[in-house]
Amino acid sequence: MGKSVIPVLWFRERFGPSNTWSRSTTSEPRRGVQPHHSAQASRRQHAIPVCVCAQIHPPPLLLLFLLLASSPAARAWKKDEFRNCNQTPFCKRARTRAPHSLDAPLSLDAASLAVTPDGSLTASLSHPSRLRPLLLRLSALPPHALRLQIDEDYSSNTPPHRRFQVPDVLLPDVEARTLHLPEPKTSAAGVSTFALSSDVDVVVKHDPFELTVRRAGSGDPVLSFNSHGLFDFEPLQESKPEGETWEEQFRSHTDTRPRGPQSITFDVSFYGADFVYGLPEHGSTSLALRPTRGPGVEESEPYRLFNLDVFEYLHESPFGLYGSIPFMIAHGDGASSGFFWLNAAEMQIDVLAPGWDGAASTENGRIDTLWMAEAGVVDAFFFVGSEPKDVIKQYISVTGTPSMPQQFAVAYHQCRWNYRDEEDVAGVDSGFDEHDIPYDVLWLDIEHTDGKRYFTWDHSAFPNPEVMQRKIADKGRKMVTIVDPHIKRDSSFHLHEEATAKGYYVKDVTGKDFDGWCWPGASSYPDMLNPEIREWWADKFSYENYKGSTPTLYIWNDMNEPSVFNGPEVTMPRDAIHYGDVEHRELHNAYGYYFHMATADGLLKRGEGKDRPFVLSRAFFAGSQRYGAIWTGDNSADWDHLKSSIPMVLTLGLTGMTFSGADVGGFFGNPEPDLLVRWYQVGAFYPFFRGHAHHDTKRREPWLFGERRTALMREAIHMRYSLLPYYYTLFREASVTGVPVMRPLWLEFPDDKETYNNGEAFMVGPSLLAQGIYEEGQKSVSVYLPGKELWYDLRNGSPYKGSVSHKLEVSEDSIPSFQRAGTIVPRKDRFRRSSTQMVNDPYTLVIALNSSRAAEGELYVDDGKSYDYQQGAFIHRRFVFADNKLTSMNIAPKNLGNKKFSTECVIERIIILGLSSGSKKAIIEPGNHEVDIELGPISLRSGSSSVAPTVRKPNVRVIDDWSIGIV
């Protein structure tokens with residue numbers, strides 16, 4: 001969603017607090033369907049927000065302003081609406097410091113160094129000029145993770161408030177998994193050393209304090225903390241010193257900052273690194289994080305982590321967007337490492353170019369970074385791995401694996417702000433069937449509610465929501481409705497009255513319920529930091545509380561940064577107060593995380609713990625992967641946003657959020673038909689695949705652009721549906737290991753430097769590679785295929801050499817996509833209306849032989865919806881082709897539980913790419929059954945040529961052990 005009505009809302013605040021604003025639908029009816037002619041529908045047709053309840057007559061000049069403010073030109077993203085580093089005092093202060101220039105560098109008190117009974121190492125950090133010392137704690141997690149915690153020592157000098165430590169993000173067993181550290185060895189030079197593992201040591205320099213993680217054998221550094229002497233920890237003060245000003249101004253807003261400055265700054269260096277990655281979310285066409293400061297750097301803004309409702313964001317900018325994950329991965333030739341800072345306050349991070357510190361040369365393979373946060377504590381993790389997947393797995397081991405989605409959620413979703421009424425919903429649903437295009441989920445945006453009151457329905461437009469959902473469900477499909485965090489301040493709205501009576505809202509700096517503006521007008525926000533309030537919120541999703549909901553209705557959380565139209569930078573004021581007397585500035589980036597958590601818990605409770613939730617969230621934080629999917633927000637219908645979607649989704653996957661995607665076609669604007677086709681062809685590979693559009697845009701269901709383009713979009717969606725078994729298997733892998741579904745090339749080819757900053761091509765799992773077409777009218781494209789083995793074109797099976805850049809002619813019917821030699825990909829090739837109707841369909845295996853005439857792959861199958869898989873109710877097979885024989889073997893762990901899953905599904909085709917044409921027969925064991933091998937098409941689409949040796953109708957069950965020999 002976008003903020004097309006922010007200026008309107010800001011002015012309406014001055015005219016009356018009870019106004020309700022319509023975030024209206026487009027004035028253009030869906031092609032081929034007549035608009036629903038009612039007063040309610042007519043009102044929703046207006047493109048300009050209107051007041052539907054107040055008798056107010058603004059002056060003509062104001063009306064003119066409102067019209068101008070809501071025009072597309074006025075709504076474009078403006079840099080001056082958001083703070084830059086120079087307008088952010090803690091960032092500006094930190095950036096002005098030169099290396100080793102602090103007046104009060106912290107030193108470690110050697111006498112305080114001790115190993116505690118729980119196996120961690122503690123010490124005191126101090127300087128004579130500090131108000132109070134700092135307490136340091138070092139602990140270890142297997143296999144190579146170091147945790148560094150630093151907070152103020154409140155024992156000798158207690159301020160009115162303590163620093164906030166972010167709860168409920170780390171897995172609850174992290175402390176229990178902490179390893180027992182050995183006693184450090186301390187030298188006369190004031191350096192303490194201890195083993196983190198058999199491979200990794202930690203070196204702590206006492207004065208000034210510095211920490212280095214290094215390889216044990218070679219002594220080569222991997223990561224260091226404060227090696228440039230920039231660690232600064234502003235102490236909390238008991239009271240404001242006389243004559244000092246703590247307030248901060250930005251535009252028309254004042255941050256009272258009643259607790260004064262409390263920022264933290266430090267430098268972290270990565271060694272043996274060619275590039276660093278991570279820190280979502282920002283728009284970029286570069287996968288690697290570009291330097292933000294130093295020689296040769298034009299853009300001198302740090303990467304900002306501050307969750308914001310950014311309207312029509314720039315495709316290339318370090319400014320923060322909707323979510324924040326303070327996790328950075330470094331990778332180079334033979335070395336991978338990571339750094340994660342658990343802190344939910346605003347953060348700014350510089351990636352420093354070589355020579356930033358004035359040094360004539362920089363140590364080879366070292367990348368320096370500067371981390372700055374407005375508040376919080378140091379709770380940081382250093383990860384060391386032999387390859388990048390090791391680093392991701394260690395990060396996931398502390399923040400949690402991604403949740404396993406239901407099968408339907410991996411398929412195609414159709415959304416628009418807004419489908420007007422039940423007739424519109426029925427028309428769109430039938431349109432997919434009429435045009436032979438599968439889809440699984442139809443979405444409703446905020447206009448489906450009664451006056452922006454969530455958990456309600458507009459009964460003139462949706463008089464029978466349960467009947468509507470059942471009709472959709474009869475075809476195996478689901479629906480999603482939106483539930484945002486802002487609650488309409490309306491005395492007739494039971495949810496508001498209950499939240500008010502229970503004291504469940506976030507408070508303003510004076511202690512009153514915070515009153516801000518969002519889609520309903522005057523709104524308040526539940527304090528999701530409070531576990532009691534999260535439990536209360538979860539209860540609202542029961543069928544009793546959410547009238548008109550059914551078991552096939554799932555949820556979309558938007559605007560949960562949280563967005564406040566009349567707030568500073570369109571968000572909640574930093575001096576608002578949460579549960580436990582915590583300032584909003586301290587937890588801002590985690591508010592959406594807690595909201596997402598509470599909503600997912602609500603669906604879990606609704607289904608009595610049996611039904612896997614599906615909740616899409618716009619805001620996110622570290623750990624959000626445990627609660628559902630996210631998307632990249634309010635993108636635009638242009639080629640640059642299509643291109644930037646790839647590094648954005650890849651970065652999200654690297655930082656845990658594997659279930660992500662971008663709005664296909666772009667949320668804002670009307671995509672050219674060719675752009676829309678290309679976006680479907682790319683979007684069909686996103687982990688989360690959804691088409692969505694703004695209400696001001698023309699309708700863009702896939703059949704509205706002529707027969708040829710409809711066929712191309714249909715083909716892209718069909719391709720996704722045929723690959724659903726492969727995708728679902730990859731989601732299973734992600735839910736166990738954290739390795740993302742959609743991957744940078746270097747995650748599979750960590751030694752190939754050509755892949756390190758390739759943000760145009762991507763892997764889907766270990767087997768498939770694709771590269772989009774990102775330019776209008778593009779005639780050819782250069783595609784780099786890594787590795788030494790062949791790659792086979794997904795369309796026709798043509799082989800291409802690895803470790804080569806291939807110049808390919810661009811075809812309108814698909815984007816360049818390949819299967820890696822040495823892999824086996826499971827598919828389902830029969831086209832149905834939805835994924836649910838494919839459950840009993842047979843499988844196809846596509847085997848791509850490598851130079852050793854070998855290949856392998858996996859297939860994971862469960863019931864697609866419940867948690868029975870956690871008790872052993874699933875099938876997990878490994879397929880191995882070697883010595884002219886394909887073997888299926890069970891790789892499911894034993895003793896997971898007493899539940900079983902079974903299926904009668906069989907394999908009806910086996911396509912073997914790279915097999916010599918002389919093979920004519922296959923022998924199936926057990927049974928010594930003979931079947932033919934003949935040339936067949938790679939896909940079943942119309943016009944496909946028979947080019948690949950195919951074992952037809954072996955009809956072996958996927959649940960069984962068997963082998964098929966080629967003779």
Side-chain angles (χ1 to χ4, degrees), residues 1-10 13 21 23 49 69-70 72 74-84 250-253 280-283 304-315 317-324 344 346 417 445-446 452 454 482-487 506 514 516-526 528 556-574 576 584-585 587-596 616-621 624 630-636 641 648 662-663 666-668 692 694-696:
M1 295 179 198
K3 300 189 295 295
S4 60
V5 297
I6 289 173
V8 182
L9 287 166
W10 187 86
E13 178 187 10
W21 296 93
R23 204 186 68 159
S70 61
R75 294 198 307 265
W77 188 82
K78 293 183 175 64
K79 184 184 291 188
D80 61 1
E81 292 180 357
F82 302 96
R83 299 206 305 183
N84 59 35
F250 179 68
R251 295 168 71 88
S252 62
H253 299 278
E281 187 177 35
H282 57 276
R304 188 185 189 195
L305 297 184
F306 191 66
N307 293 5
L308 292 168
D309 180 359
V310 182
F311 180 90
E312 205 167 357
Y313 59 83
L314 299 178
H315 74 278
S317 172
F319 284 96
L321 296 178
Y322 312 95
S324 300
E346 178 182 358
W417 171 25
D445 212 317
I446 63 172
K452 314 303 183 295
Y454 300 108
I482 196 165
V483 177
D484 292 348
H486 45 265
I487 297 177
V506 177
F514 173 72
W517 280 75
C518 208
W519 297 126
S523 305
S524 289
Y525 297 72
M528 290 298 174
W556 173 16
N557 289 161
D558 197 4
M559 316 297 285
N560 54 335
E561 292 76 25
S563 177
V564 181
F565 290 164
N566 62 330
E569 300 187 273
V570 200
T571 191
M572 189 173 284
R574 297 165 193 250
H584 186 73
R585 80 181 73 252
L587 66 82
H588 172 79
N589 286 343
Y591 181 88
Y593 164 83
Y594 294 121
F595 189 72
H596 195 185
L616 180 76
S617 174
R618 190 170 71 176
F620 57 88
F621 188 63
S624 288
I630 64 105
W631 89 108
T632 62
D634 297 347
N635 59 354
S636 298
H641 273 257
M648 291 179 75
D663 284 343
F667 178 65
F668 290 107
H692 186 36
H694 187 276
H695 71 77
D696 283 340

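Since the structure is predicted, the reported quantities are computational estimates derived from the model, not experimental observations.
A search for side-chain contact (heavy atoms from CB on, under 4.5 Å) contacts involving H588 returns F306, N307, P562, T571, H584, not counting sequence neighbours. The ring pair (Phe, Tyr, Trp, His ring centres under 6.0 Å) check on F621 picks up nothing, with sequence neighbours excluded. With sequence neighbours left out, the side chain to side chain donor-acceptor pair (under 3.5 Å) criterion links S524 to R489.
The CZ atom of F620 lies 10.5 Å from the OH atom of Y322; values are rounded to the nearest 0.5 Å. To the nearest 0.5 Å, atom CZ of residue F82 and atom CD of residue E569 are 7.0 Å apart. The line from CH2 of W631 to NE2 of H692 is 6.5 Å long, rounded to the nearest 0.5 Å. Rounding to the nearest 0.5 angstrom, the gap separating the CD1 atom in I482 from the CD1 atom in I446 is 6.5 Å. A distance of 8.5 Å separates CD in E312 from NE2 in H694, rounded to the nearest 0.5 Å. Within the model, atoms CD of E346 and CZ of R585 stand 10.0 Å from one another, a figure rounded to the nearest 0.5 Å.
Here the side chains of H641 and T632 are not in contact, with every heavy-atom distance at 4.5 Å or above. At a threshold of 4.5 Å between non-hydrogen side-chain atoms, the residues F319 and N84 count as touching. Contact annotation: the side chain of P520 approaches that of H486 to within less than 4.5 Å [non-hydrogen atoms, C-beta and beyond]. Between F514 and V564, some side-chain heavy-atom pair lies under the 4.5 Å cut-off.
When all heavy atoms of Y593 and S624 are compared, the closest pair comes out as CD1-OG, 3.5 Å. Minimum heavy-atom separation, M559 to C518: CE-SG, 3.9 Å. Nearest heavy-atom pair across S617 and N560 is OG-ND2, 2.9 Å. Residue I487 comes nearest to P526 through the heavy atom pair CD1-CG, 3.6 Å, listed as atom of the first residue, atom of the second, then distance. When all heavy atoms of P485 and Y591 are compared, the closest pair comes out as CB-OH, 3.9 Å. Nearest heavy atom pair, residue G320 against residue V310, reads O-CG2, 3.7 Å.
A donor-acceptor distance shorter than 3.5 angstrom exists from the side chain of N589 to the backbone of L305, with no hydrogens or angles considered. With N557 contributing its side chain and G592 its backbone, the two residues share no donor-acceptor pair below 3.5 Å.
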Can you check salt bridge (Lys or Arg N to Asp or Glu O under 4.0 Å) on E281 and R618, steps first, answer last?
CA-CA 11 Å; E281 187 177 35; R618 190 170 71 176; over 6 Å; no
Evaluate the salt bridge (Lys or Arg N to Asp or Glu O under 4.0 Å) criterion for residues R251 and E81: first the C-alpha distance (whole Å), next the side-chain angles of each, then the deciding distance (0.1 Å), finally the verdict.
CA-CA 8 Å; R251 295 168 71 88; E81 292 180 357; 5.2 Å; no
One pair to check against side-chain contact (heavy atoms from CB on, under 4.5 Å): L616 and H596. What are the steps and the verdict?
CA-CA 8 Å; L616 180 76; H596 195 185; over 6 Å; no
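Between F565 and W519, the ring centre distance stays below 6.0 Å. For Y313 and H282, the ring centers are positioned 6.0 Å apart or more.
Under 3.5 Å, the side chains of S563 and D309 contain a donor-acceptor pair of N or O atoms.
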